[in-house]
Amino acid sequence: MKPERPTVLVVDDDISTLTALRRLIAAAGFRVRTFSRPNDLLSSEIPGGDVCLVLDVNLPEMNGVRLHQLLSASRRELPAIMITGRNDSQTQCLLRESRAVAVLFKPFAANLLLEALANALSMQHQRSQ
Amino acid sequence: MAQGLLSVAAMRDRTENMPHHDVPEAAASNAMHGHEDDFQGDERDFENLIAEMVATFVRIRAEHIDAEIDQWLERVGRALDLDRANVGEYNRSTGIMRATHCWAREGIPPIPKGINTATVLPELTARALAEETVVFSSRDALPPALLQELDNSQLAKGVKSNVTMPLKVGGAIIGGVAFGSLRRERRWSRQTLRRLRLVAEVFGSALERKRDIEEIRRLSNELFDISNVSKMGELTASLAHELNQPLGAILNNAQAALSILNTEAPDIQEAREALKDIVRDDNRAADIINHVRVLLHKGEAQRCKLDPREILLALELIMKHDAVMKNISFRVEFAQPLPAISGHKTQLTQALINLVMNAFDAVLEKSEQPRLVLVTAAAREAGRLFIEVRDSGIGIDPRMVPQLFRAFFTTKAKGMGMGLAIVHSVVESHDGEIHVRPNPDGGTTFEIILPTIPHG
């Protein structure tokens, strides 16, 4: 039986980035759901099976690191890849607290994201077995 | 009997603060020797003219001072039936006095503006700088040095009677004024000299005011630059982030398009959408670069016609990320379209940035939510554009309001107190107004009103 395709949940308040990531991740064979605000993800249902998060760090309402923490506490532990366009001290502090499996600085090459996704999902797979 | 040269050194220091002080004995006796009235008209008319002049100079704005001096030189010159009237401004740092305001009757060669007066009339210039008033009704009694000086100069050759006076303010020489008659010899009554002295004082203080204001503008520009260096660092970092967004999206879209086209049955429509987005994001990146240019640009020398929306969109883009990072709800709202204004884009943008940064600080000092900063713009009245920066912050103590726009006044621990002083000077130089008021529901609103350019 063919396993379910993994789902990638993407949160970025920049609509253009969000659309581009949807295209890129979908073209790589994943299922994708995109959200422009953290609360939209928090209020929606997390699909079953293999799921990975791609979270922008600098978001309205709450930052991506906090969003990851909230999801982990309220739903289930999900691997997350943090993406950011900033490399300032504030962002670095945030990232130090983060339990993300990878951090990518925009602009990043597609293969970096796809490799990170593959790593994250295989780790999740190993853990759930 | 020809009137003699009157070197009124005795007037030094005595008349400066006493515009109505009688001219000294020498001048008085000189006038008494005259047997014809030197004044071609009604005394009362001239008195009224001088009164009007004084009233005008009390009222006018610094940028109109030069034009008014030009105009009043001519009116005084014509009222006294003179042929030339000139003002020279003395530059303390170069030690040179240059003719800056020159009137000459039709048919009389004018003194060229900008000329170094010492090159034409060294002796008279030196005497004016030595705070001496020099009056003569006829060349006959001139000492040889002065006579020769007049004869040597093509411009001064025809002068038959003349008065030169120093322009002195607060003990310092700032220039000189000269009234000359070329068509005929004339006498200078004590009354006339007293009035010319008053004219000189009014011109002197007006020119000093103009210099002060120019100096204040120069200094505030300098301070503006200094206080903006650190802010500009923050803002360019924020804009670099802003630039990473479209660059990242472009790269992702390009790679997505490649992946799509590499599949066996490519979704051409999706690939086309990706390419369209790439073009759009590229334009977005270019806009951001332009905004950085605006920020780093030192400011245009000339005012130009501006669409206020350009400024508001730049403001929104520049401050947006700071707001996200600080968890502040920041909106810029305006009705389309807005009437054009005349001004310096950089200065106005930076003034608004200052107000918005203050608003951010104000909402951050309040512990509870919501943190709102709203910028609105509307032409609520004909000819006036209202831009408001409204915050839900801690508010301003009404007792502080009168001092708010003063330089170095601050309520912030780390502030230099320059922000609002700069905003004020920018608004003022755009002939605008700035007001501050508390919001009924807490927080503060700053309101800038700028004159708009009439249609057509």
Side-chain angles (χ1 to χ4, degrees), chain A residues 8 10-30 32 34 36-39 54 56-67 81-94 103-117, chain B residues 233-267 269-285 287-288 317 320-331 369-371:
Chain A
V8 181
V10 188
V11 186
D12 197 313
D13 62 327
D14 186 82
I15 302 304
S16 193
T17 302
L18 202 58
T19 313
L21 288 175
R22 181 185 54 69
R23 276 193 196 109
L24 184 69
I25 295 166
F30 297 97
V32 193
T34 57
S36 62
R37 306 185 79 91
N39 285 336
V54 174
D56 187 23
V57 177
N58 320 101
L59 290 167
E61 296 167 355
M62 72 189 71
N63 63 64
V65 175
R66 176 91 187 112
L67 175 61
I81 296 162
M82 293 293 163
I83 57 175
T84 180
R86 294 181 95 100
N87 194 10
D88 53 18
S89 53
Q90 206 176 349
T91 307
Q92 282 168 6
C93 280
L94 276 176
V103 177
L104 300 176
F105 290 95
K106 299 176 193 174
F108 49 81
N111 64 321
L112 289 180
L113 177 64
L114 300 179
E115 274 168 29
L117 280 173
Chain B
E234 281 169 39
L235 289 172
T236 32
S238 152
L239 284 170
H241 166 69
E242 198 62 33
L243 196 56
N244 284 335
Q245 299 286 8
L247 290 182
I250 287 168
L251 189 55
N252 294 339
N253 267 318
Q255 288 173 320
L258 276 177
S259 308
I260 292 165
L261 294 171
N262 278 339
T263 56
E264 273 176 28
D267 181 346
Q269 185 54 36
E270 184 72 352
R272 186 178 290 136
E273 290 298 324
L275 290 174
K276 271 195 208 158
D277 285 354
I278 287 172
V279 172
R280 202 197 51 219
D281 277 323
D282 203 65
N283 286 329
R284 196 172 131 206
D287 282 347
I288 294 166
L317 188 114
K320 192 165 77 178
H321 263 270
D322 207 29
V324 170
M325 290 305 289
K326 291 173 176 162
N327 207 5
I328 294 167
S329 159
F330 170 59
R331 292 202 317 271
Q369 304 275 1
R371 296 167 170 171

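Chain identifiers are assigned alphabetically (A, B, ...) following the order of the sequence lines, protein sequences preceding nucleic acid strands; residue numbering begins at 1 within each chain. Below, each value reflects all heavy atoms present in this structure, side chains not excepted, and no hydrogens, waters or symmetry copies.
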Highest number of heavy-atom pairs under 4.5 Å with chain A: which of B:Asp277, B:Ile328, B:Ile260?
B:Asp277
Minimum heavy-atom distance between A:Ala20 and B:Ala249, given as atom pair plus value:
CB-O, 3.6 Å
B:Leu247 versus chain A, heavy atoms under 4.5 Å apart: side chain, backbone, both or neither?
both
Could you check A:Arg23 against B:Asn253 for side chain to side chain donor-acceptor pair (under 3.5 Å), going step by step and ending with a plain yes or no?
CA-CA 7 Å; A:Arg23 276 193 196 109; B:Asn253 267 318; 2.6 Å; yes
Taking the side chain as every heavy atom from C-beta outward, state whether B:Arg284 and A:Asp14 have any atom pair closer than 4.5 Å.
yes
Under a 4.0 Å threshold between the charged nitrogen and the carboxylate oxygen, would B:Lys320 count as salt-bridged to A:Asp13?
no
Does any heavy atom of chain B fall under 4.5 Å from the side chain of A:Leu113, the backbone, both, or neither of them?
neither
Among the options B:Ala274, B:Ala323, B:Gly248, pick out the one with the most heavy-atom pairs lying under 4.5 Å from chain A.
B:Ala274
Any idea which heavy atoms bring B:Asn252 and A:Leu21 closest together, and the distance?
ND2-CD2, 3.3 Å
So which part of A:Ala109 gets closer than 4.5 Å to some heavy atom of chain B, the side chain, the backbone, both or neither?
both
So do the side chains of A:Pro107 and B:Asn244 get within less than 4.5 Å of each other, counting heavy atoms only?
yes
